[in-house]
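Report on the following structure.
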Protein chains: 2
Amino acid sequence: MVTIKDVAKLSGVSIKTVSRVVNNLAEVSPETRQKVQQAILELGYQPNTTARNLVAGKTNTVGVIIPHSADYIFTHPFFTQVLQGIAEVLSANNFNLLLHLAQNEAPYARLYSQRKVDGLILMSIPIGDPNIHGLEENGVPYVCTCRISETNNSTSWVDADFAGGVEQAMEHLISLRHRRIALLAGPMSLVSVRLRVLGYHNSLRKHGLPVADGYILEGDFTSESGYALATKIMKAPNPPSALICGDDMMAFGAIQALKELGYGVPEDVSVIGFDDISLARFSSPALTTIRQDTYAKGRMAAEALLAFMRDKHNAPPRQIMLETSLITRNSTASAKN
Amino acid sequence: MVTIKDVAKLSGVSIKTVSRVVNNLAEVSPETRQKVQQAILELGYQPNTTARNLVAGKTNTVGVIIPHSADYIFTHPFFTQVLQGIAEVLSANNFNLLLHLAQNEAPYARLYSQRKVDGLILMSIPIGDPNIHGLEENGVPYVCTCRISETNNSTSWVDADFAGGVEQAMEHLISLRHRRIALLAGPMSLVSVRLRVLGYHNSLRKHGLPVADGYILEGDFTSESGYALATKIMKAPNPPSALICGDDMMAFGAIQALKELGYGVPEDVSVIGFDDISLARFSSPALTTIRQDTYAKGRMAAEALLAFMRDKHNAPPRQIMLETSLITRNSTASAKN
DNA sequence: CTGTTAGCGCGTTCAG
DNA sequence: CTGAACGCGCTAACAG
């Protein structure tokens, strides 16, 4: 490869001078600058990023960690939307994006200790994930797009108000005179799912409604699990008149199951999703759902991380809660009785 | 940061010996090995990747280039599925994935010249993209998941048989006695779109059908453009009885437009999509579509690239054509007249 | 304004 | 089996 030395030799100056013109460090006479630039063009010289990084002690790259299978991630519009926000901000700030689909056991902090990244964005971390250890001890700059524990702590995160979101869904259904409302939740290993359950209970309590047996089911955010859980709950003794789903994919599966069981949606059973992915309006019926701004989540997380990396001290740990909103479409209607 | 020197000092050996145990280079006595490992643990030493890369002259990372906005990419399941395949293969081979959303003008080869990556995967490159220059000259290992020119050349690529796919769609519609079939195509700047048009013409010719005026419309692979194009063609003097869409998103938009215009799908107008994204079966009616195995596309591209990087000489430029298949669902039916 | 020298952290000759 | 010395390509002090 052509190095700074080659350029120096060809233009008849020292490597330091070459370095100066490459980095625009002024103090170079116009003629020598000219000579050097000529040589650079002639040789097609490009500075070696690895060498620069070694000297500078940084990488200009941010690692995005998602501890799930590529299959799971890329079939969920949720992840890709957050990624979009992150990618845009990083790109605008000349940072590289290293996508790390953690599967095997290896502390996330290692990416930083090994100087592969300057900072980390952690997505969808399950409770008790052993790999999060060492983040603080190693001084790793990081931001989560989720919460990693139900109790308060000092991690910085950007996340939606899941409890509030489910409460919005509940208010909507209760105002439509539904009383038997089931929650087809996602995996309980996620704080966001537990918060949805919390919101569900809050609403029931507020309206003096009973907690029905078996009305909280655990799925995994796939349409298949939505299908399976809807089938199960509708075949049970006391079927609900409305379903709140953990995400839109589950809602799609649930609607499919309901149709196959002969229930009309929304005439017989109302269904509400969560996220408002772009395809929610194309389902049949168009899906009523709780919208969370996943794109903003990604952007804000990336911005918070960059701010933190720029100035560790003046950027206090930030915890940002994003509001959700109810998008009313055609999958919900008044309860029959 | 703790370096190899610190470990050497603590364990009372030379840095070379530390290097040997870190890299498992045998020839170390059990006792010293033990001592060194102890010191490594004690200090929490992690080898600096940047320094290693500088010496080794490689980065162990592959750049994935997609010259579109993050918005465009992440709202199209097509891209994320290819990415999934790539991510899995790279991860399994201990390669990092650098996601590069090229927007501004900068030769892709530069990522290699600057030693940011060891190789490149190029996705969805438009015809005449100036940034592809320099790939060959700089000896960049690369593979495309698309074709970058209509004429034969020596680039290595993995791509679907778009002409054949559209021909499958045409055969299906013609067998249902459709004669007025419009093509709502994607952007003509893509070879894949031109190949779809080619397949369309091939079928027309084969069956002796006329090329109707204005039956090929150019869109951009978004549901919005599917909506707009379907509205336009149906309001034109001689509306078609069937629509073949450039991708499933366009098909969703087209179906929405048809419904709003009072056309029944598939009773009045048949619609066929392209890709078979996971949500195709949840639309209403469930979408008949041409399936391309985007996941396999990603995997094969990554594998081809890795093989090429391992052995430039014994890995001939590969050009792999992936077959498509017709998935018949409920958006197509016999023509009325 | 410019060049010499010394490192960044690691691997790799080559001696011992 | 082990260590000293050099170099990867570049930037930063420090002179000149």
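Order of the sequence lines fixes the chain letters, A, B, ..., with proteins taken first and strands second; residue numbering starts at 1 for each chain. Here the structure is a predicted model, which means the values were calculated and not measured.
A heavy atom closer than 4.0 Å to some atom of DNA chain D occurs in B/L54, B/V55, these being the qualifying members of residues 49-60 of chain B. Listed in residue order, the members of residues 2-15 of chain B having a heavy atom less than 4.0 Å from DNA chain C are B/T3, B/I4, B/K5, B/I15.
Taking a heavy-atom distance under 4.0 Å as the criterion, the stretch of DNA chain C touched by chain A extends 5' to 3' from C/dC1 to C/dG9.
B/K35 has its NZ atom 14 Å from the P atom of D/dC1, to the nearest Å. If you measure from atom CG of B/N23 to atom P of D/dT2, you get 16 Å, rounded to the nearest angstrom. Summarising the geometry, the separation between CZ on B/R33 and C1' on D/dC1 is reported as 12 Å, rounded to the nearest angstrom.
The nearest pair of heavy atoms linking A/T3 to A/Y45 is C-CE1, 3.6 Å. Between B/F79 and B/I66, the shortest heavy-atom contact is CE2-CG2, 3.7 Å.
Residues A/V64 and A/L99 form a side-chain contact, since some pair of their non-hydrogen atoms from C-beta on lies under 4.5 Å apart.
Between A/T145 atom OG1 and A/L122 atom CG the span is 8.0 Å, to the nearest 0.5 Å.
Between the side chain of B/K16 and the base of D/dA4, no donor-acceptor pair of N or O atoms lies under 3.5 Å.
Side chains of A/Q46 and B/S113: a donor-acceptor N/O pair is absent below 3.5 angstrom, by distance only. A/R52 and A/N60 are not linked by any side-chain donor-acceptor pair at a separation below 3.5 angstrom, with hydrogens and angles left out of the test.
Sorted by first and then second residue, the salt bridge (charged side-chain N to carboxylate O under 4.0 Å, His left out) pairs involving residues 78-99 of chain B (not counting sequence neighbours) are B/E88-B/R299.
The 12-atom threshold is exceeded at NZ of B/K16, counting heavy atoms of other residues, nucleotides or ligands nearer than 6.0 Å. Atom NZ of B/K35 has more than 12 heavy atoms from other residues, nucleotides or ligands within 6.0 Å.
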Pairs of donor and acceptor atoms involving the side chains of residues 133-142 of chain A, under 3.5 Å and at least two apart or interchain, shall be tabulated with distances.
| residue | atom | partner | partner atom | Å |
| --- | --- | --- | --- | --- |
| A/E136 | OE2 | A/Y142 | OH | 2.7 |
| A/N138 | ND2 | A/G134 | O | 2.8 |

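The cationic atom of B/R115 (NZ for Lys, CZ for Arg) lies less than 6.0 Å from the six-membered ring centre of B/Y112 and within 45° of the ring axis.
Side chain of B/N93 to main chain of B/F95: no donor-acceptor pair is present (N/O by atom type, distance under 3.5 Å, no hydrogens or angles).
In this structure, the helix from C/dC1-D/dG16 to C/dG16-D/dC1 shows an angle of 40° between the axis at its start and the axis at its end, each fitted on 5 base pairs and rounded to 10°.
Using a 4.0 Å cut-off between charged side-chain N and carboxylate O, A/R147 and A/D159 make a salt bridge.
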